[in-house]
Amino acid sequence: MRSLLACAEPPYAAAAALRNQWYDRNPGAATRVDAAVISVGNLTVGGTGKTPLVKWAARQLRARGVRVAILSRGYGAEAGAKNDEAMELEQALPDVPHLQNPDRVAAARVAIDELDSQALLLDDGFQHRRLARDLDIVLLDATSPFGYGHLLPRGILRESVHGLRRASAVCLTRADAIAPEQRAAIRRRVDALAGGAAWCEVAHQPRTLLASSGAERPFTELAGRRVAAFCGIGNPAAFRRTLEGAGARVVAWRELPDHHNYTAPDIESVAASAEESDAELVVCTHKDLVKVQAEGLAGRPLLAVVVEMAFLTGEAALQRRIEEALAGGADQKTPGA
């Protein structure tokens, strides 16, 4: 299997390289709009923790009185509906509109012309180069920062690590999962690939347990409890580590594909597992809860773990880059705009 995947890697790598070279040589091909554009993206597929950083960036902009909209492709959404990330962000950021459209240039124009947005946050936008940006924030998961050294489908890199040269800031997520010397080694490699990019390190810290009604319970309530857990996210192992780190006894576990659209049989299966394992609580991620929308399963409370981002280092540097992006976006506005 590895041999077959390795054979498919060079064509993918060549296509990704040619596309990037074309944009590098034709900077005018990227559409510039009358707003500051900040991208939050990855080098790899899978969950690196973009949503907590998007929340943080949106709150930073709103704290400055900036009207901001979030733009995303809407991956995994059913026709005419929002996907799980949009529903989660809508619940966490009720004053920030979220537009989903594979054509993010068109979405940007709607945000500016109809919503009077002054800043746009591109969720998962690093490889979306049609829309010019003022700040490119790239997230690297500390547990697999460089995609095991291979591009898709052999590894999990979307493009070569040399793509980091386009980054304005690099953020090491889940940095608390590795030793300080490992973080330092990753930073040295990033500095060699993206000299001049701001550097920050963050941890993803569970803040509370959330019910579908909006009621919150202390995250510490998981300690010692028998838990039936399920998730449909890009990094299920990280979610399980969070539960076990809180002292939960995971007595039933189910992983589903990222952005999974839950069916009645899915819910019935999770409920049956909770009952058979004699779980006290059923626990999922916030992304899952907004789709399941139930207060309980099999007579047990259904709760989501709400995760927020905590900076270990580099927060001030990233805030400065945001200020520079806002200034740059204002400078790019057309006269009289």
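We use all heavy atoms of the structure for the numbers below, so side chains are in, but hydrogens, waters and symmetry mates are not.
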Min side-chain heavy-atom separation [X]-[Y] under 4.5 Å:
| X | Y | value |
| --- | --- | --- |
| Leu256 | Cys231 | no |
| Asp288 | Thr285 | yes |
| Leu210 | Leu303 | no |
| Gln118 | Arg64 | no |
| Trp56 | Pro52 | no |
| Arg62 | Asp95 | yes |
| Ser117 | Val68 | no |
| Leu120 | Ile112 | yes |

Atom pair [atom1] ([X]) and [atom2] ([Y]), whose distance is rounded to the nearest 0.5 Å:
| X | Y | atom1 | atom2 | value |
| --- | --- | --- | --- | --- |
| Arg73 | Asn101 | CZ | CG | 10.0 Å |
| Asp134 | Leu326 | CG | CG | 8.5 Å |
| Leu289 | Lys287 | CG | NZ | 13.5 Å |
| Leu151 | Glu9 | CG | CD | 5.5 Å |
| Leu172 | Leu312 | CG | CG | 9.0 Å |
| Leu71 | Asp123 | CG | CG | 9.5 Å |

Return the minimal non-hydrogen interatomic distance between [X] and [Y], and the atom names on each side.
| X | Y | answer |
| --- | --- | --- |
| Ala325 | Leu135 | CB-CB, 3.8 Å |
| Leu302 | Ala294 | CD2-O, 3.4 Å |
| Val305 | Pro206 | CG1-CB, 3.8 Å |
| Cys200 | Cys171 | SG-SG, 3.0 Å |
| Leu89 | His98 | CD1-CE1, 3.6 Å |
| Leu131 | Ala30 | C-CB, 4.4 Å |

Do the side chains of [X] and [Y] get close enough for a salt bridge, i.e. N-O under 4.0 angstrom?
| X | Y | answer |
| --- | --- | --- |
| Asp24 | Arg129 | yes |
| Lys55 | Glu88 | yes |
| Arg183 | Glu201 | yes |
| Arg320 | Glu324 | no |

Test your reading of the model: is there a side-chain donor-acceptor pair from [X] to the backbone of [Y], 3.5 Å cut-off?
| X | Y | answer |
| --- | --- | --- |
| Asn42 | Val45 | no |
| Arg133 | Gly125 | yes |
| Asp103 | Val105 | yes |
| Glu244 | Arg241 | no |
| Arg300 | Ala279 | yes |
| Thr208 | Arg217 | yes |
| Gln182 | Ala179 | yes |

Do you see a donor-acceptor pair shorter than 3.5 Å between the side chains of [X] and [Y]?
| X | Y | result |
| --- | --- | --- |
| Ser277 | Arg226 | no |
| Thr173 | His204 | no |
| Ser168 | Asp136 | no |
| Asp266 | His260 | yes |

Report whether [X] and [Y] are members of the same hydrophobic cluster (ILVMFWY, side-chain heavy atoms less than 4.5 Å apart, transitive linking).
| X | Y | result |
| --- | --- | --- |
| Phe311 | Trp199 | no |
| Leu61 | Leu53 | yes |
| Val161 | Leu140 | yes |
| Leu297 | Leu222 | no |
| Tyr148 | Val138 | yes |

Within 45 degrees of the ring normal and closer than 6.0 Å to the centroid, is that where the cationic atom of Arg207 sits relative to Phe219? no

Extract all donor-acceptor atom pairs below 3.5 Å that involve side chains of residues 245-253 and protein atoms in other chains or at least two apart in sequence.
residue, atom, partner, partner atom, Å
Trp253, NE1, Glu255, OE2, 3.0

Side chain to side chain contact (heavy atoms under 4.5 Å, CB included) evaluation trace for Phe126 with Arg166: CA-CA 9 Å; Phe126 191 53; Arg166 305 195 310 272; 3.3 Å; yes

If we check side chain to side chain contact (heavy atoms under 4.5 Å, CB included) with Val170, which of these qualifies: Asp191, Leu318, Ile186, Leu164? Leu164

Applying side chain to side chain contact (heavy atoms under 4.5 Å, CB included) to Asn83 and Lys291, what does each step give before you reach the verdict? CA-CA 9 Å; Asn83 73 357; Lys291 289 186 290 188; over 6 Å; no

Picking from Gln127, Glu159, Arg165, Arg25, what satisfies side chain to side chain donor-acceptor pair (under 3.5 Å) with Asn20? Glu159

Exactly one of Thr48, Asn235, Thr44 clears side chain to side chain donor-acceptor pair (under 3.5 Å) with Asp141, and that residue is Asn235

Is the ring centre of Phe230 less than 6.0 Å from the ring centre of Tyr262? yes

Please test Arg109 against Asp34 for salt bridge (Lys or Arg N to Asp or Glu O under 4.0 Å), starting from the C-alpha separation and ending with a verdict. CA-CA 9 Å; Arg109 288 173 175 147; Asp34 292 342; over 6 Å; no

Other hydrophobic cluster members with Leu4, side-chain heavy atoms of Ile/Leu/Val/Met/Phe/Trp/Tyr under 4.5 Å, chained? none

Might you work through the side chain to side chain contact (heavy atoms under 4.5 Å, CB included) test for Ile70 and Val96, ending with a clear yes or no? CA-CA 7 Å; Ile70 298 170; Val96 177; 3.8 Å; yes

Could you go step by step and tell me if Tyr12 and Arg154 meet the side chain to side chain contact (heavy atoms under 4.5 Å, CB included) rule? CA-CA 10 Å; Tyr12 176 90; Arg154 175 67 176 84; over 6 Å; no

